[in-house]
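The block underneath contains the structure these notes are about, expressed in structure tokens.
Within every chain, numbering begins at 1; the chains are lettered A, B, ... in the order of the sequence lines, protein sequences first and strands thereafter.
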Protein chains: 2
Amino acid sequence: MAYVDDIDSALVRELQANARQTNRDLAAAVGIAPSTCLERVRLLRDRGVITGYHADVSLTALGREVQALLNVQVRPLNREVIEGFKAYAAGLPEVLSVFVLAGGDDFLVHVAVPSVEGLHGFLMDRFSGRREIVGFRSSVIYQHHRNRVIEPLGG
Amino acid sequence: MAYVDDIDSALVRELQANARQTNRDLAAAVGIAPSTCLERVRLLRDRGVITGYHADVSLTALGREVQALLNVQVRPLNREVIEGFKAYAAGLPEVLSVFVLAGGDDFLVHVAVPSVEGLHGFLMDRFSGRREIVGFRSSVIYQHHRNRVIEPLGG
DNA sequence: GGTGAAATAAAATCATC
DNA sequence: GATGATTTTATTTCACC
């Protein structure tokens with residue numbers, strides 16, 4: 001675990017909440033000089049604590065109203081099949097996220113499509129033909145809340 | 001669906017990949033003047049296509065090495081219980097994301113904790129006492145790939 | 001709706017504490 | 001390791017196309 005003091009912690013919190021505030025504002029928010037702030041933030045990137053800065057977009061605004069979670073079982077369970085399916089799923093434009101899991105199901109795939117009809121089409125066109133898939137279940141997502149600010153756990 | 005032309009689309013793609021590039025670089029990347037670029041990006045925010053800018057952090061660097069997905073069933077299935085549990089889970093510092101689902105399981109909760117022991121502790125301390133929870137299953141995550149650039153689906 | 005030049009503001013550097 | 005004055009660079013505005 002990287003050593004992150006209270007000031008670093010505050011910087012990381014601020015930048016997760018708003019990555020485009022000016023260095024001056026950021027410095028003021030955490031109570032240090034702008035030049036110090038600049039150096040601290042640079043070090044947080046160099047040390048790999050901050051990995052990047054990304055704009056968030058509205059899926060609705062992009063015409064992708066329906067989200068679903070797909071539990072997928074693949075066989076045989078070997079590295080080649082696992083890595084192959086993971087790379088395949090991650091490369092599909094409908095896919096937001098791919099989880100490789102321990103236990104019962106092998107994958108969880110989070111997708112966003114224009115409609116329920118689009119979800120059906122996705123499953124038929126992208127999954128049905130794959131020989132390694134031995135089964136899947138899909139759950140439509142009613143709501144999704146993501147915590148955008150992640151902190152070191154106290155203690 | 002918001003009307004997003006090819007230039008908007010390119011801006012959204014660029015800003016999802018790197019939200020802290022300068023306006024000049026962004027303008028150059030999509031082939032427009034900096035002043036035009038500034039105005040376009042402002043409109044994308046005003047129209048709600050871009051919803052924010054966030055730094056990404058390394059969970060490992062913050063000492064949260066273990067991630068898991070928790071399938072949770074709650075009862076009775078009414079608005080009060082659903083909203084109550086959602087708000088509770090979303091407010092926990094270990095929680096990255098909360099999905100409210102249609103079908104079998106009611107919730108999927110994505111957590112990041114320091115260790116497998118921490119996961120056990122989380123389940124005992126945060127979930128066991130809740131009367132509305134009638135069952136849960138947890139799956140440790142081996143790998144997680146997230147697509148950070150989301151585009152309108154072609155066609 | 002887009003542009004380029006001028007004005008304003010911020011980032012980056014560095015000598016100093 | 002942090003600071004503030006200075007230089008360098010970017011953002012923002014606006015009259016014009």
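Not one side-chain nitrogen or oxygen of B:Arg20 sits closer than 4.0 Å to the OP1 or OP2 atom of C:dA11. The shortest distance between the side-chain N/O atoms of B:Arg40 and the OP1/OP2 oxygens of C:dG2 is below 4.0 Å. OP1 or OP2 of C:dT3 sits under 4.0 Å from a side-chain N or O of B:Thr36.
Whole-Å rounding puts the B:Glu39 CD to D:dT13 P distance at 10 Å. The nearest whole Å value for the distance from the CG atom in A:Asn23 to the C1' atom in D:dA2 is 14 Å. Between the P atom of C:dA11 and the CZ atom of A:Arg24 lies a distance of 8 Å, rounded to the nearest Å. Atom CD1 of B:Ile32 and atom P of D:dT11 are 13 Å apart (whole Å). Between the CG atom of B:Leu26 and the P atom of D:dA10 there is a distance of 13 Å, given to the nearest Å. One can place CZ of A:Arg42 at 13 Å from P of D:dA2, the figure rounded to the nearest angstrom. Protein atom CG of A:Leu43 is 14 Å distant from nucleotide atom P of C:dA12, rounded to whole Å. We find that CG of A:Leu38 is positioned 16 Å from P of D:dG1, with the value rounded to whole Å.
Comparing D:dT11, C:dA10, D:dT3 against the side chain of A:Ala33 picks out D:dT3 as the nearest. Listed candidates were D:dT11, C:dC14, C:dT3. Nearest to the side chain of A:Ser35 is C:dC14.
Using a 4.0 Å cut-off between charged nitrogen and carboxylate oxygen, A:Arg126 and A:Glu94 count as a salt-bridge pair. Under the 4.0 Å criterion applied to side-chain N and carboxylate O atoms, A:Asp5 and A:Arg40 are assigned as salt-bridge partners. Taking the charged nitrogens against the carboxylate oxygens, A:Asp8 and A:Arg47 do have a contact shorter than 4.0 Å, which makes a salt bridge.
For the 3.5 Å distance criterion, the side chains of A:Asn147 and A:His145 qualify, holding a donor opposite an acceptor.
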